[in-house]
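Below is one structure, written out as structure tokens, with a few remarks after it.
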Amino acid sequence: MNMTHHANARSQQRAIPPLLIDLLIQFGKSESTGSGISKLFFDKQARRRVAAYAGPLAQLLNAHLNLYAVVGENNQVITVGHRLERIQRH
């Protein structure tokens, strides 16, 4: 996984394990912000894909899927965080 120093620090500070970031990159919904940067998050369909992939572990993971990641060019994770509000769409 290609992460910036900032993203590594934030994931440690916010107690977001690499497994969840991997799931977010693999199954999360991506929305472009316009300048080559995109937001990744788990919407309803992404949560269903994770549930199908994880099987019985999906119940345990479901409580921890309120995450987002900002991804730059070359799929480099810039930052990660907990999603406390709905994703704003403009």
Side-chain angles (χ1 to χ4, degrees):
M1 174 174 17
N2 190 8
M3 293 178 62
T4 63
H5 178 69
H6 177 80
N8 281 323
R10 291 298 176 259
S11 67
Q12 289 178 358
Q13 290 170 349
R14 296 171 178 163
I16 300 173
L19 171 68
L20 292 178
I21 298 170
D22 283 338
L23 289 173
L24 184 60
I25 291 170
Q26 188 172 359
F27 298 109
K29 178 173 173 70
S30 176
E31 281 194 0
S32 177
T33 61
S35 58
I37 297 174
S38 59
K39 295 182 283 188
L40 296 173
F41 58 94
F42 290 109
D43 63 351
K44 188 183 286 187
Q45 292 174 343
R47 288 173 187 264
R48 287 181 187 152
R49 289 191 296 265
V50 169
Y53 176 75
L57 294 176
Q59 288 286 56
L60 298 172
L61 291 174
N62 196 31
H64 303 285
L65 296 182
N66 287 329
L67 302 174
Y68 72 90
V70 177
V71 179
E73 296 176 356
N74 302 328
N75 290 330
Q76 185 175 32
V77 179
I78 298 170
T79 192
V80 295
H82 296 282
R83 191 170 61 120
L84 303 175
E85 298 176 358
R86 292 178 61 100
I87 298 292
Q88 298 298 318
R89 294 185 175 93
H90 300 279

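Starting from 1, each residue takes its place in the sequence as its number. Because the structure is predicted, anything quoted here is derived from the model rather than measured.
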*Partners passing side-chain contact (heavy atoms from CB on, under 4.5 Å) against Ala9 (at least two apart in sequence or in another chain)*: none

*Counterpart residues, side-chain contact (heavy atoms from CB on, under 4.5 Å), relative to Gln45 (two or more places apart)*: Asp43, Arg49

*Report the residues that fulfil side-chain hydrogen bond (donor to acceptor under 3.5 Å, both in side chains) with Ser11, sequence neighbours left out, ordered by chain and then residue number.*
none

*Quick one: pull up CG in Leu24 and NZ in Lys39 and give me the separation to the nearest 0.5 Å.*
13.0 Å

_By the definition side-chain contact (heavy atoms from CB on, under 4.5 Å), identify the one residue from Val70, Val80, Val77, Thr79 that meets it with His6._
Thr79

_One pair to check against side chain to side chain contact (heavy atoms under 4.5 Å, CB included): Asn75 and Ile25. What are the steps and the verdict?_
CA-CA 9 Å; Asn75 290 330; Ile25 291 170; over 6 Å; no

*Which pair of non-hydrogen atoms, one from Val50 and one from Phe42, has the smallest distance, and what is that distance?*
CG2-CE2, 3.7 Å

_Contact summary for Ala46 and Phe27, nearest pair of heavy atoms_ = CB-O, 3.2 Å

_Residues in side-chain hydrogen bond (donor to acceptor under 3.5 Å, both in side chains) contact with Asp22, at least two apart in sequence or another chain_ = none

*Could you grab the distance from atom CG of Leu40 to atom CD of Glu31, nearest 0.5 Å is fine?*
10.0 Å

_side-chain hydrogen bond (donor to acceptor under 3.5 Å, both in side chains) involving His82 - partner list, sequence neighbours excluded_ = none

*Scan for side chain to side chain donor-acceptor pair (under 3.5 Å) pairs involving residues 50-66, sequence neighbours excluded, and state none if there are none.*
Arg47-Asn62, Arg47-Asn66

*asked:* Once side-chain contact (heavy atoms from CB on, under 4.5 Å) is applied, do any residues pair with Leu57, and if so which ones, sequence neighbours excluded?
replied: Ala54, Leu60

*Gap between atom CD of Gln26 and atom CD1 of Ile21 - 0.5 Å precision*: 14.0 Å

*asked:* Applying side-chain contact (heavy atoms from CB on, under 4.5 Å), can you list everything that pairs with Ser38, at least two apart in sequence or on another chain?
replied: Ser30, Val71

*Those residues that, when tested against Glu73, pass side-chain hydrogen bond (donor to acceptor under 3.5 Å, both in side chains) (two or more places apart)*: none

*When rounded to the nearest 0.5 angstrom, what distance separates CD1 in Ile37 from CD1 in Ile78?*
4.5 Å

